Enquirer: 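If you scroll down you'll find the structure; I have some questions about it.
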Amino acid sequence: MAHVVTPLDQPSNYKDSQSRVDRQRQADLLSKSTTLYVGNLSFYTTEEQIYELFTKCTSPDDGGGIKRIIMGLDRNTRTPCGFCFVEYYTHAEALASMRYVSGTKLDERIIRCDLDLGYKEGRQFGRGKSGGQVRDEHRQDYDPGRGGWGAQAQRLEIERRREMEERYADAQDGPGAVAGGGEEWKQSEAIQPEENKLKRGRSPDDDGDEERVSSMLRCSYPVANLTQATRARMEGEGDDRM
């Protein structure tokens, strides 16, 4: 069964394109490597989080531990771009991290660990055209943990917005464009007196409406609530109308 199950502490077949060693030399270096490459990190994962996770595989009693952590940075913005290097003091610690940490979740993301030939100055920067990692150049999905859309999708969106702005500018400058924007209507509104804006003019029918309302109020008001003199006067008026 040993040939069926792939060991979890074996490095991948990845070869650094900028490394100038052959496959045999690479295998020899990886067999003694104490450096891990960690990928698929969130842009918001901190160095403290990485240290807390990877220190679980250290063996301080044997003189081990984490030597340093190098965060991967965007070449242009100098902000984290989703990878890092973790250097241990012993090779056994690096293998233990590959066995127990690789494939686990950090910041709700499944991280990947692989043995590395060793960190050199300049490798902390992304190699993509936009400054980040190459994989983010071609990514088509939306990943909030890695800056949203991929760089290619972001460029297409920027071009689309630029085209829309140019079309809008052409429409504003075209022969059918309205330059005034309705200023004459605003001026005519401003010229009207305040009284005309607050109330309408009085019409001849308003007098008849007031008389009808007064009559309805007199008829509907409870007689029991009136004084004796007022009730007598209303009864007298009623007799006269009859």
Side-chain angles (χ1 to χ4, degrees), residues 1-128 131-136 139 143-147:
M1 294 295 293
H3 64 282
V4 176
V5 180
T6 303
L8 298 178
D9 56 358
Q10 292 298 313
S12 68
N13 293 324
Y14 171 78
K15 186 178 186 303
D16 187 0
S17 59
Q18 296 186 2
S19 176
R20 304 193 182 281
V21 298
D22 56 19
R23 286 286 182 180
Q24 183 61 41
R25 176 60 177 165
Q26 175 178 317
D28 294 340
L29 293 175
L30 292 179
S31 63
K32 303 175 183 178
S33 174
T34 61
T35 303
L36 281 182
Y37 172 88
V38 184
N40 201 38
L41 291 174
S42 169
F43 288 1
Y44 306 102
T45 299
T46 63
E47 184 175 341
E48 289 77 12
Q49 291 175 279
I50 297 172
Y51 182 87
E52 182 180 0
L53 176 61
F54 283 87
T55 195
K56 297 181 183 300
C57 295
T58 58
S59 52
D61 296 338
D62 298 332
I66 293 179
K67 185 177 181 181
R68 61 173 176 170
I69 296 174
I70 302 98
M71 298 296 293
L73 302 177
D74 187 289
R75 187 173 60 255
N76 301 325
T77 62
R78 296 300 195 267
T79 56
C81 63
F83 72 98
C84 74
F85 297 94
V86 178
E87 286 189 357
Y88 287 100
Y89 282 102
T90 65
H91 177 67
E93 292 172 315
L95 292 181
S97 291
M98 287 185 60
R99 183 182 294 116
Y100 300 117
V101 177
S102 183
T104 60
K105 279 190 174 182
L106 178 61
D107 267 353
E108 298 302 320
R109 302 183 65 84
I110 298 177
I111 61 175
R112 299 187 303 270
C113 304
D114 197 8
L115 286 178
D116 189 80
L117 296 177
Y119 172 76
K120 294 182 180 179
E121 186 62 32
R123 292 191 62 197
Q124 73 270 32
F125 300 122
R127 298 176 180 177
Q133 287 191 280
V134 177
R135 58 167 293 199
D136 289 322
R139 183 168 52 81
D143 191 342
R146 296 185 69 88

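The analysis underlying the following values was restricted to heavy atoms, covering all of them including side chains, and did not include hydrogens, waters or symmetry mates. As the structure is a computational prediction, the values presented were derived from the model and not from experiment.
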Enquirer: Just verifying a value: how many Å separate Leu29 CG and Gln24 CD, rounded to the nearest 0.5 Å?
Expert: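 Answer for the CG-CD pair, Leu29 versus Gln24, is 10.5 Å.
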Enquirer: Can you tell me how far CD of Gln133 sits from CZ of Arg139, rounded to the nearest 0.5 angstrom?
Expert: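 If I round to the nearest 0.5 Å, the distance is 10.0 Å.
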Enquirer: Can you confirm whether more than 12 heavy atoms, excluding those of Arg127, are under 6.0 Å from its CZ atom?
Expert: yes
Enquirer: Who passes salt bridge (charged side-chain N to carboxylate O under 4.0 Å, His left out) against Arg99, sequence neighbours left out?
Expert: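 Arg99 satisfies salt bridge (charged side-chain N to carboxylate O under 4.0 Å, His left out) with Asp9 only.
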Enquirer: If I compare all heavy atoms of Ser33 with all of Ala94, which pair ends up nearest, and what's the gap?
Expert: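 Nearest heavy atoms, Ser33 then Ala94: O-CB, 4.1 Å.
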Enquirer: Please name all residues satisfying salt bridge (charged side-chain N to carboxylate O under 4.0 Å, His left out) with Asp74, sequence neighbours left out, ordered by chain then number.
Expert: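 Partners of Asp74 under the salt bridge (charged side-chain N to carboxylate O under 4.0 Å, His left out) test: none.
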Enquirer: Enter the distance from Thr35:OG1 to Leu115:CG here, rounded to the nearest 0.5 Å.
Expert: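 It is 9.0 Å, given to the nearest 0.5 Å.
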Enquirer: Taking Thr58 for its side chain and Gly64 for its backbone only, find out whether a donor-acceptor pair lies under 3.5 Å.
Expert: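 Answer holds: no.
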Enquirer: Please tell me if the side chains of Met71 and Cys84 come closer than 4.5 Å, counting only heavy atoms from C-beta onward.
Expert: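 Contact flag for Met71/Cys84 side chains = yes.
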Enquirer: If you count heavy atoms of other groups shown closer than 6.0 angstrom to OH of Tyr100, is the number above 12?
Expert: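 Result for OH/Tyr100: open.
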Enquirer: Just wondering, do Val86 and Ser97 contact through their side chains at under 4.5 Å, heavy atoms?
Expert: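 Heavy-atom side-chain distance check fails, nothing below 4.5 Å.
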Enquirer: May I have all residue pairs that pass salt bridge (Lys or Arg N to Asp or Glu O under 4.0 Å) and include part of residues 35-45, sequence neighbours excluded?
Expert: none
Enquirer: Between Arg68, Gln124, Glu87, which is the residue that forms a side chain to side chain donor-acceptor pair (under 3.5 Å) with Tyr119?
Expert: Gln124
Enquirer: By salt bridge (charged side-chain N to carboxylate O under 4.0 Å, His left out), which residues pair with Arg146, not counting sequence neighbours?
Expert: Asp136
Enquirer: If the condition is salt bridge (charged side-chain N to carboxylate O under 4.0 Å, His left out), which residues does Arg75 pass it with, not counting sequence neighbours?
Expert: none
Enquirer: Does Asp143 pair with Arg109 as a salt bridge, N-O distance under 4.0 Å?
Expert: yes
Enquirer: About how many Å separate CG of Leu95 and CD of Gln10, when rounded to the nearest 0.5 Å?
Expert: 8.0 Å
Enquirer: Evaluate the side-chain proximity of Asp116 to Arg123: yes if any heavy-atom separation is below 4.5 Å, no if none is.
Expert: yes
Enquirer: For the residue pair Met98 and Asp114, establish whether any side-chain heavy-atom pair is separated by less than 4.5 Å.
Expert: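 Met98 vs Asp114: side chains touch.
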Enquirer: Does Val38 form a side chain to side chain contact (heavy atoms under 4.5 Å, CB included) with Val101? I'd like the steps, not just the answer.
Expert: CA-CA 10 Å; Val38 184; Val101 177; over 6 Å; no
Enquirer: If we only count heavy atoms from C-beta on, is the Leu41 to Pro80 side-chain gap below 4.5 Å?
Expert: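 In short, these two side chains do not touch, never coming nearer than 4.5 Å.
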Enquirer: Starting at OG of Ser19, measure out to NZ of Lys120 and round the result to the nearest 0.5 Å.
Expert: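 Atom-to-atom, Ser19:OG and Lys120:NZ are 7.0 Å apart.
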Enquirer: For Asn13, I'd like to know if atom CG has over 12 heavy atoms of other residues, nucleotides or ligands within 6.0 Å.
Expert: no
Enquirer: Could you tell me which non-hydrogen atom of His91 sits nearest to which non-hydrogen atom of Thr34, and how far apart they are?
Expert: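 In this case the closest contact between His91 and Thr34 is N-CG2, 3.6 Å.
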Enquirer: Quick check for you: to the nearest 0.5 Å, what is the distance between Asn40 atom CG and Asp107 atom CG?
Expert: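 Between atom CG of Asn40 and atom CG of Asp107 there are 11.5 Å.
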Enquirer: What residue pairs, at least two apart or across chains, pass ring-ring contact (aromatic ring centres under 6.0 Å, His included) with a residue in residues 25-79?
Expert: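 The answer is Tyr37-Phe83, Tyr37-Phe85.
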Enquirer: Report yes if the side chains of Leu106 and Thr45 come closer than 4.5 Å at any heavy-atom pair, otherwise no.
Expert: yes
Enquirer: Under the 3.5 angstrom rule, does the side chain of Gln26 hit a backbone N or O of Val21 as a donor-acceptor pair?
Expert: no
Enquirer: For the NZ atom on Lys15, are there more than 12 heavy atoms of other groups (residues, nucleotides or ligands in this structure) within a distance under 6.0 Å?
Expert: yes
Enquirer: Does atom CD of Glu52 have more than 12 heavy-atom neighbours, drawn from other residues, nucleotides or ligands, at distances under 6.0 Å?
Expert: no
